[in-house]
Amino acid sequence: EDPIVPSGKLTFSVQHTIGNDRLVFNQFLYTNEAGNEYLVSGLKYFLSDITLYHDHGSAFVLDDWQSIFYVDESLPESKIIRFYDKIPTGIYDSISMIFGITGEKNQSFMFVNPPEALMAWPEMLGGGYHYMMLDGKWKDPLGVAQPFNFHMGIGQLYKGAGYDVDSIYAFVQNWFRVSLPGSGFEIGNGEEVTIGLTMHIENWFKDPYVYDHNYWGGAIMQKQPAMEMARLNGWNVFSASEIISVSKPR
């Protein structure tokens, strides 16, 4: 019989903000760094390979039962991520995670049911799944509301000008690792620790690159330079906060 290793449980409680306010759907409340007035109508994405760094120097990947987690602003239950893993007790310096799904894991048709199945990325554009669908509208220079689909997934490189799928000569992985500031925590035997995870949506559009919807237009699935900009802006989109521990009677 296995010796009983002292351990606890971990949960993420996810929220989505713009500025310091919780995201509100379908209202022109927001202006990005480029001066585009915009609203958000949908936000869904995948996080995967969540990794805890023990202060002893070891790393621990959360992958019991599942290693890919779907988050959707319109599904409150998806914003509470309960990990099944038994987390060894001790002090953890930090947490990192993959935004999206890494190349070898991002297999087409692995999700058969919605909502995850609805995140499929077109086979001819690289297959697998979207990392994110951030949908909304922005006001163009004439003040007309135009739809945008700020979607991230596998990118493509095209021969010549234009986006003819027959001219694709290579695919680009746009997933990236996020290091979560403020994510250190301590866990005791039998404790349940909840970590607040916040996506700061405005940061997708500003640092280091100012993203302008007027320049990139509504759809970016075939525009690798736009997805590359999003990837490079993603470094500070997430932060961790409000770590709560609950000791359970044993």
Side-chain angles (χ1 to χ4, degrees), residues 8-20 23 33 43-64 66-73 78-106 128-132 134 150 152-155 172-187 191 193-211 227-245:
K9 290 284 192 173
L10 186 66
T11 298
F12 281 0
S13 174
V14 183
Q15 65 171 0
H16 304 121
T17 63
I18 298 182
N20 294 317
L23 172 63
E33 206 76 357
L43 172 61
K44 45 195 91 157
Y45 54 93
F46 286 110
L47 303 175
S48 60
D49 298 351
I50 291 156
T51 305
L52 313 181
Y53 298 91
H54 203 285
D55 69 350
H56 295 164
S58 58
F60 180 74
V61 180
L62 302 179
D63 58 5
D64 271 13
Q66 65 189 109
S67 62
I68 300 170
F69 303 91
Y70 173 78
V71 182
D72 186 332
E73 169 63 23
S78 74
K79 295 173 13 182
I80 302 293
I81 302 176
R82 290 189 174 88
F83 301 105
Y84 293 100
D85 310 67
K86 291 180 174 172
I87 314 295
T89 57
I91 296 171
Y92 291 84
D93 292 333
S94 64
I95 301 174
S96 77
M97 59 191 185
I98 298 295
F99 186 78
I101 307 168
T102 58
E104 61 277 10
K105 277 194 174 173
N106 197 1
Y129 291 85
H130 284 75
Y131 309 150
M132 176 172 73
L134 172 56
F150 189 78
M152 291 180 68
I154 294 171
V172 183
Q173 297 291 330
N174 287 310
W175 58 267
F176 57 94
R177 184 171 290 281
V178 176
S179 296
L180 281 176
S183 60
F185 68 98
E186 184 169 2
I187 192 163
E191 269 190 341
V193 172
T194 298
I195 293 177
L197 179 68
T198 301
M199 179 194 277
H200 305 271
I201 294 167
E202 71 277 11
N203 289 3
W204 285 115
F205 303 125
K206 68 180 194 188
D207 181 18
Y209 296 101
V210 172
Y211 184 97
M227 285 197 287
E228 168 83 352
M229 194 176 271
R231 182 178 71 79
L232 293 169
N233 283 356
W235 68 279
N236 66 349
V237 160
F238 286 94
S239 66
S241 61
E242 40 167 348
I243 294 161
I244 305 155
S245 299

Where [X] and [Y] come nearest, the two heavy atoms and their spacing:
| X | Y | result |
| --- | --- | --- |
| Thr198 | Ser241 | OG1-OG, 4.4 Å |
| Gly103 | Trp175 | N-NE1, 3.3 Å |
| Phe150 | Ala230 | CZ-CB, 3.6 Å |
| Glu202 | Ile18 | OE1-CA, 3.2 Å |
| Asp72 | Ser78 | N-OG, 2.8 Å |
| Phe238 | Leu47 | CZ-CD2, 4.0 Å |

Margin query: Ignoring hydrogens and geometry beyond distance, is a side-chain donor-acceptor pair present between Ser67 and Lys105 at under 3.5 Å?
Written below: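 Note: Ser67 and Lys105 side chains meet the donor-acceptor criterion.
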Next item on the list: Give a yes or no on whether Tyr209 atom OH has more than 12 heavy-atom contacts from other residues, nucleotides or ligands under 6.0 Å away.
Entry: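 Counting other residues, nucleotides and ligands, OH of Tyr209 stays at 12 neighbours or fewer.
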Notebook entry, point to check: Is atom CZ of Arg82 surrounded by more than 12 heavy atoms (other residues, nucleotides or ligands) closer than 6.0 Å?
Noted result: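 Count not over threshold, so no.
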Check: Does the ring center of Phe12 lie less than 6.0 Å from the ring center of Phe69?
Finding: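 No; Phe69 has its ring centre 6.0 Å or more from that of Phe12.
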Atom [atom1] of [X] and atom [atom2] of [Y]: how far apart are they, to the nearest 0.5 Å?
| X | Y | atom1 | atom2 | answer |
| --- | --- | --- | --- | --- |
| Ile98 | Phe46 | CD1 | CZ | 14.5 Å |
| Tyr70 | Ile101 | OH | CD1 | 11.5 Å |
| Leu180 | Asn236 | CG | CG | 11.5 Å |
| Thr11 | Ile195 | OG1 | CD1 | 9.5 Å |
| Ile95 | Phe185 | CD1 | CZ | 5.0 Å |
| Ser183 | Ile50 | OG | CD1 | 11.5 Å |

Checklist line | His200 and Val237: CA distance, side-chain angles, deciding distance, side chain to side chain contact (heavy atoms under 4.5 Å, CB included) verdict | finding: CA-CA 5 Å; His200 305 271; Val237 160; 5.5 Å; no
Notebook entry, point to check: Is a side-chain N or O of Ser179 found less than 3.5 angstrom from the main chain of Arg177, in a donor-acceptor match?
Noted result: no
Margin query: Test your reading of the model: is there a side-chain donor-acceptor pair from Asn174 to the backbone of Glu228, 3.5 Å cut-off?
Written below: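 Judged by distance alone, no pair lies under 3.5 Å.
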Item checked: side chain to side chain contact (heavy atoms under 4.5 Å, CB included) evaluation trace for His16 with Lys79 -> CA-CA 10 Å; His16 304 121; Lys79 295 173 13 182; 4.1 Å; yes
Close side-chain approach of [X] and [Y], heavy atoms under 4.5 Å:
| X | Y | answer |
| --- | --- | --- |
| Val71 | Leu197 | no |
| Leu52 | Leu10 | yes |
| Trp235 | Pro208 | yes |
| Met132 | Leu43 | yes |

Check: Between Gln15 and Thr17, is a side chain to side chain contact (heavy atoms under 4.5 Å, CB included) present by the stated rule, with each step listed?
Finding: CA-CA 7 Å; Gln15 65 171 0; Thr17 63; 4.2 Å; yes
Name the atoms and distances for all side-chain donor-acceptor pairs under 3.5 Å in residues 83-94, with sequence neighbours left out.
residue: Asp85; atom: OD2; partner: Asp63; partner atom: N; Å: 2.9
residue: Asp85; atom: OD2; partner: Asp64; partner atom: N; Å: 3.0
residue: Tyr92; atom: OH; partner: Pro88; partner atom: O; Å: 2.6

Next item on the list: Just jot down the side chain to side chain contact (heavy atoms under 4.5 Å, CB included) partners of Ser58, sequence neighbours excluded, or say none.
Entry: His54
Note to self: Let's go through Ile154 and Gln173 carefully: what are the C-alpha distance in whole Å and the side-chain angles of both, what is the deciding distance for side chain to side chain contact (heavy atoms under 4.5 Å, CB included) to 0.1 Å, and is it a yes or a no?
What the structure shows: CA-CA 5 Å; Ile154 294 171; Gln173 297 291 330; 4.2 Å; yes
Item checked: Residue of the set Met152, Glu73, Met199, His130 for which side chain to side chain contact (heavy atoms under 4.5 Å, CB included) holds with Tyr45 -> Met199
